[in-house]
> 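Please see the structure below; I have some questions.
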Amino acid sequence: MEDEPATYDDPRWPELPALTPEAVAELETFARHFQGAGGNLYEEPSQLARDAVSAGWFPPPPPTPRDALARFLKRIYALEIMSDFPWPDWLKTIPERWRDDPAALDDIGDATTLRRLLIAHVRGDRFCDGHLWSIVQSGYLGKLVERLAETARRELG
C-alpha cells in the first residue's frame, strides 16, 4: 500500500481562509508558467537590447519569468492567497526538506501546509532579496504552486 502524503495540522497555527475556485485556477496557470523557468533559459536582456527596444528598432520581448513573478505576487495578494500567521515560528516546526526540496513537496497532503510554505517564501523574500527568483530558477516555486493548486482543487471537490 502506498503511503499517503502527510498533513501538518497543529492547533498552534491559525486557520487560513479558504481558497476560492478562481484562486486555484490562477495558481494552476502560474504553475504551468513557472515549471519551465529553471536554469539559464530566461536570461535578462542586455542594456543594448533594452535600448534597441526603447528606440523602436525591435518589438518588445515576450514576458520573462521575472515578469510572471511580479504578476504572480500581485495576484496572490489580490486573490487573498496571502494571509497573516507567524510564519518564522511555523518554519521552525516543519521538516527542513520541505523548505527547499521540490521532490519533498509530494510528501505534503494538505493545501494549508503548502499555502503556508508559499506565504513563508514570499514573506522571506523581504528579508533576503532575490530569494523568490532563486526558487523560480531551481524549480521549487513551480512545484510548490503546482502542488498547492492540485491539492486545493482536490479539497474543493
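The first residue of the sequence shown is numbered 1, and numbering continues consecutively from there. Worth saying up front: this structure is predicted, and the values here are computed from it rather than measured. Hydrogens, waters and symmetry mates play no part in the numbers below; they use all other heavy atoms, side chains included.
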> Is there a donor-acceptor pair closer than 3.5 Å between any side-chain N or O of Arg97 and the backbone N or O of Ala104?
no
> Do you know the tightest heavy-atom contact between Thr151 and Leu114?
OG1-CD1, 3.5 Å
> Ala152: what forms a side-chain contact (heavy atoms from CB on, under 4.5 Å) with it, not counting sequence neighbours?
Leu19, Val24, Ala111
> Would the distance check show the side chain of Arg115 and the main-chain N or O of Ile81 forming a donor-acceptor pair, the cut-off being under 3.5 Å?
yes
> Compare every heavy atom of Ala31 with every heavy atom of Gly142, then report the nearest pair and how far apart it is.
O-CB, 4.1 Å
> Can you tell me how far the NZ atom of Lys143 sits from the CG atom of Leu105, to the nearest 0.5 Å?
7.0 Å
> Do the side chains of Asp84 and Arg123 get close enough for a salt bridge, i.e. N-O under 4.0 angstrom?
yes
> Please round to the nearest 0.5 Å and tell me the distance separating atom NE2 of His121 and atom SG of Cys128.
11.5 Å
> Passes salt bridge (Lys or Arg N to Asp or Glu O under 4.0 Å), Arg71 versus Glu26? Steps please.
CA-CA 11 Å; Arg71 284 193 315 275; Glu26 287 207 37; over 6 Å; no
> Can you sort out the partners of Lys92 under salt bridge (charged side-chain N to carboxylate O under 4.0 Å, His left out), two or more places apart, ordered by chain and number?
Asp89
> Please check: side-chain N/O of Ser134 versus main-chain N/O of His131, any donor-acceptor pairing under 3.5 Å?
yes
> In Å and rounded to the nearest 0.5 Å, what is the CG to CD1 distance from Leu148 to Ile119?
9.0 Å
> With distance as the sole test, does Thr113 use its side chain to make a donor-acceptor pair with the main-chain N or O of Asp110 at under 3.5 Å?
no
> Apply salt bridge (charged side-chain N to carboxylate O under 4.0 Å, His left out) to Glu80 and list each qualifying residue two or more places apart in sequence or on a separate chain.
none
> First locate atom CG of Leu132, then atom CG of Leu73, and finally report the distance between them rounded to the nearest 0.5 Å.
6.0 Å
> Search all heavy atoms of Ala23 against all heavy atoms of Leu79 and return the closest pair with its distance.
CA-CD1, 3.9 Å
> Spell out, as yes or no, whether a donor-acceptor pair under 3.5 Å connects the side chain of Arg116 to the backbone of Trp87.
no
> Can you give me the closest heavy-atom contact between Tyr140 and Trp98, atom names plus distance?
OH-O, 2.5 Å
> Are the side chains of Leu141 and Leu69 in contact, using a 4.5 Å heavy-atom criterion?
yes
> Going by the rule salt bridge (charged side-chain N to carboxylate O under 4.0 Å, His left out), which residues pair with Glu28 if we only count those two or more places apart in sequence or in a different chain?
Arg153
> Rounded to the nearest 0.5 Å, how far apart are CZ of Phe30 and CD of Glu146?
15.5 Å
> For Ser138 and Pro102, work out which heavy atoms get closest and say how close.
O-CG, 4.5 Å
> Just by modelled atom types, is the Ala25 backbone N or O under 3.5 Å from a matching donor or acceptor in the Thr29 side chain?
yes
> How about Ile108 and Leu117: do any of their side-chain heavy atoms sit closer than 4.5 Å?
yes
> Does Arg99 have any side-chain contact (heavy atoms from CB on, under 4.5 Å) partners at least two apart in sequence or in another chain, and if so, which?
Leu91, Ile94, Glu96
> Residues in side-chain contact (heavy atoms from CB on, under 4.5 Å) with Pro21, at least two apart?
Leu156
> Locate the shortest heavy-atom distance separating Leu27 from Ala149; write the atom from each residue and the value.
CB-CB, 3.9 Å
